[in-house]
Undergrad: 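Take a look at the following structure, please.
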Amino acid sequence: MRYFPLFVDTSKLKVLLVGAGDVASRKLALLARTDAEIMVIATDISAEVSSCALQGRITLVKRSVLPEDINGVDLVYLATADDKLNAQFASIADERGIWVNVVDSPELCRFITPSIVDRGRLQIAISTAGAAPVFARELRARLESWLPQSLSPLFDFVATKRKEVQQRLPEFKQRKLFWEYFFRANGDKFDDETPVHYANGFQGLSIGGEILLIDDETQASLLPIAAMPLMQKLDHIFSLEALPFILNEFVRRDAQRGTLPTLRELSKLYESGQRCLVYADNETVTQFKAHFPMAKHLRGGKI
């Protein structure tokens, strides 16, 4: 993984954008939606950039960029039509330890800006590491059509309720069950029923454990789609060896890991409401299945 995705708090971020043509305008349209402090330096100014300056959203400096401008900022975007100038100032930024992005020149970039789906507090970033930006845009278009605009007010509502839920449900397990119930009942809608589902969540806290079994002959890529939500809710993962790469990508990353438990240990976890995955050879999985008939044996194409 050459490019590591991360989300940056922009409230104290200082950004310098060099250039104010059409390409720079597109970058600015995205940056202006953040809380960052933005300065634009350019000689030729597009109408969009001028409008943004008139609104007071950016500081606009109408002149050529100077080496001393690459100081006291956190990010630099170079979006001029002068490749030589872009390369020169990218080198200056790199020498000064400032992250730089040169439009259409990934080899000069310290970071790249992904294609973004924006639903308020829900942000989805998509990148092909510069290899196929057209595909990233196609995927973004699919997600835009799939994710409703109601997600934005829904997550604003959820954010206002998090502290209350923490106070009423001091245990992490209770809170996890609460939010699972809420989103299962409410879905992705935000309407008059949303507060009702929220209130009902405090009465819907039934603790029920779950045991998933996968044998080492099953190809993770063939597991049914219905298995994915189950694996994202795991509390424990047990195996004698490291999970195959693809299977490891499917499971909840912060689940506790360990070697195979005894039947008694697994029974106690199940009775206490824990969700467990056992990954082992076919014979061992058969033994666990005989002892735990309620366990779900995940196999290619079925549960």
Side-chain angles (χ1 to χ4, degrees), residues 1-6 124-129 139 143 146 165-166 169-188 201-303:
M1 186 188 296
R2 180 178 176 184
Y3 292 98
F4 183 78
L6 55 87
I124 300 175
I126 307 158
S127 172
T128 60
L139 182 55
L143 291 171
W146 179 52
V165 173
Q166 289 174 345
L169 303 173
E171 295 183 12
F172 171 76
K173 180 69 176 180
Q174 292 177 311
R175 295 196 297 272
K176 186 157 78 81
L177 289 171
F178 171 86
W179 288 118
E180 286 175 359
Y181 171 88
F182 171 77
F183 285 112
R184 188 166 57 248
N186 185 80
D188 54 20
F202 292 101
Q203 280 75 51
L205 295 177
S206 59
I207 298 179
E210 192 162 50
I211 298 174
L212 307 181
L213 304 171
I214 301 179
D215 62 70
D216 57 9
E217 296 178 7
T218 296
Q219 295 184 44
S221 59
L222 298 179
L223 290 172
I225 294 177
M228 304 304 145
L230 299 177
M231 292 191 285
Q232 282 297 311
K233 296 176 182 178
L234 291 170
D235 299 302
H236 298 271
I237 299 171
F238 299 108
S239 63
L240 289 176
E241 55 189 38
L243 298 184
F245 176 80
I246 295 179
L247 180 58
N248 196 55
E249 291 293 295
F250 290 161
V251 300
R252 182 179 163 202
R253 295 187 188 277
D254 56 351
Q256 295 185 37
R257 314 250 176 164
T259 57
L260 294 184
T262 64
L263 297 176
R264 182 177 180 183
E265 290 170 340
L266 191 55
S267 292
K268 289 179 67 176
L269 289 171
Y270 175 77
E271 291 166 4
S272 66
Q274 300 293 295
R275 292 160 175 166
C276 307
L277 167 66
V278 175
Y279 177 80
D281 59 82
N282 195 50
E283 182 179 348
T284 302
V285 166
T286 301
Q287 292 173 356
F288 275 104
K289 189 175 181 181
H291 192 83
F292 300 101
M294 81 296 281
K296 294 182 174 68
H297 186 186
L298 306 184
R299 286 164 287 183
K302 59 183 178 179
I303 297 180

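Residues: numbered from 1 along the sequence shown.
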Undergrad: What pair of heavy atoms forms the shortest contact from Leu213 to Ala295, and how long is it?
TA: CD1-CB, 3.8 Å

Undergrad: For the residue pair Trp179 and Phe182, does the interplanar ring angle fall in the parallel (under 30°), tilted (30 to 60°) or perpendicular (over 60°) class?
TA: perpendicular

Undergrad: Looking only at heavy atoms, what is the nearest atom pair of Pro170 and Arg175, with distance?
TA: O-NH1, 2.9 Å

Undergrad: Are any non-hydrogen side-chain atoms of Glu265 and His236 less than 4.5 angstrom apart?
TA: no

Undergrad: Between atom OH of Tyr270 and atom CG of Leu266, what is the distance when rounded to the nearest 0.5 Å?
TA: 10.0 Å

Undergrad: Taking the side chain as every heavy atom from C-beta outward, state whether Thr284 and Leu240 have any atom pair closer than 4.5 Å.
TA: no

Undergrad: Taking His297 as the fixed residue, which of Ile214, Leu212, Val285, Thr286 is the one that meets the side chain to side chain contact (heavy atoms under 4.5 Å, CB included) rule?
TA: Val285

Undergrad: Walk me through whether Asp235 and Arg252 qualify under salt bridge (charged side-chain N to carboxylate O under 4.0 Å, His left out).
TA: CA-CA 8 Å; Asp235 299 302; Arg252 182 179 163 202; 3.3 Å; yes

Undergrad: Kindly compute the distance separating CD (Glu210) from CZ (Phe292), expressed to the nearest 0.5 Å.
TA: 13.5 Å

Undergrad: Could you tell me which non-hydrogen atom of Ala220 sits nearest to which non-hydrogen atom of Phe250, and how far apart they are?
TA: O-CE1, 3.3 Å

Undergrad: Could you report the tightest heavy-atom contact between Phe238 and Leu269, atom names first, then the distance?
TA: CZ-CD1, 3.6 Å

Undergrad: Check the pair Ile211, His291 against side chain to side chain contact (heavy atoms under 4.5 Å, CB included), reporting the backbone distance first and the verdict last.
TA: CA-CA 11 Å; Ile211 298 174; His291 192 83; over 6 Å; no

Undergrad: Can you find a pair of side-chain heavy atoms, one from Pro261 and one from Lys268, that are under 4.5 Å apart?
TA: no

Undergrad: Would you mind reporting whether Glu249 and Phe245 have side-chain heavy atoms less than 4.5 Å apart?
TA: yes

Undergrad: State, yes or no, whether a side-chain contact exists between Gln287 and Leu263 at a heavy-atom distance under 4.5 Å.
TA: no

Undergrad: Give the intermediate values and the outcome of side chain to side chain contact (heavy atoms under 4.5 Å, CB included) for residues Leu247 and Leu223.
TA: CA-CA 9 Å; Leu247 180 58; Leu223 290 172; 4.2 Å; yes

Undergrad: For the atom pair CG (Leu139) and CD1 (Ile126), what is the distance rounded to the nearest 0.5 Å?
TA: 4.5 Å

Undergrad: Of all the heavy-atom pairs spanning Ile246 and Ser221, show the shortest one and how long it is.
TA: CG2-N, 4.2 Å

Undergrad: Around Gln232, counting heavy atoms of other residues, nucleotides and ligands shown, do more than 12 lie under 6.0 Å from its CD?
TA: yes

Undergrad: Looking at CG of Asn248 and CE of Met231, how far apart are the two atoms once the value is rounded to the nearest 0.5 Å?
TA: 11.0 Å

Undergrad: Does Gly273 offer a backbone N or O that forms a donor-acceptor pair with the side chain of Lys173 under 3.5 Å?
TA: yes

Undergrad: Does the side chain of Leu177 reach to within under 4.5 Å of the side chain of Leu169, using non-hydrogen atoms?
TA: no

Undergrad: If you define the side chain from C-beta out and look only at heavy atoms, does anything of Glu241 sit under 4.5 Å from Asp216?
TA: no

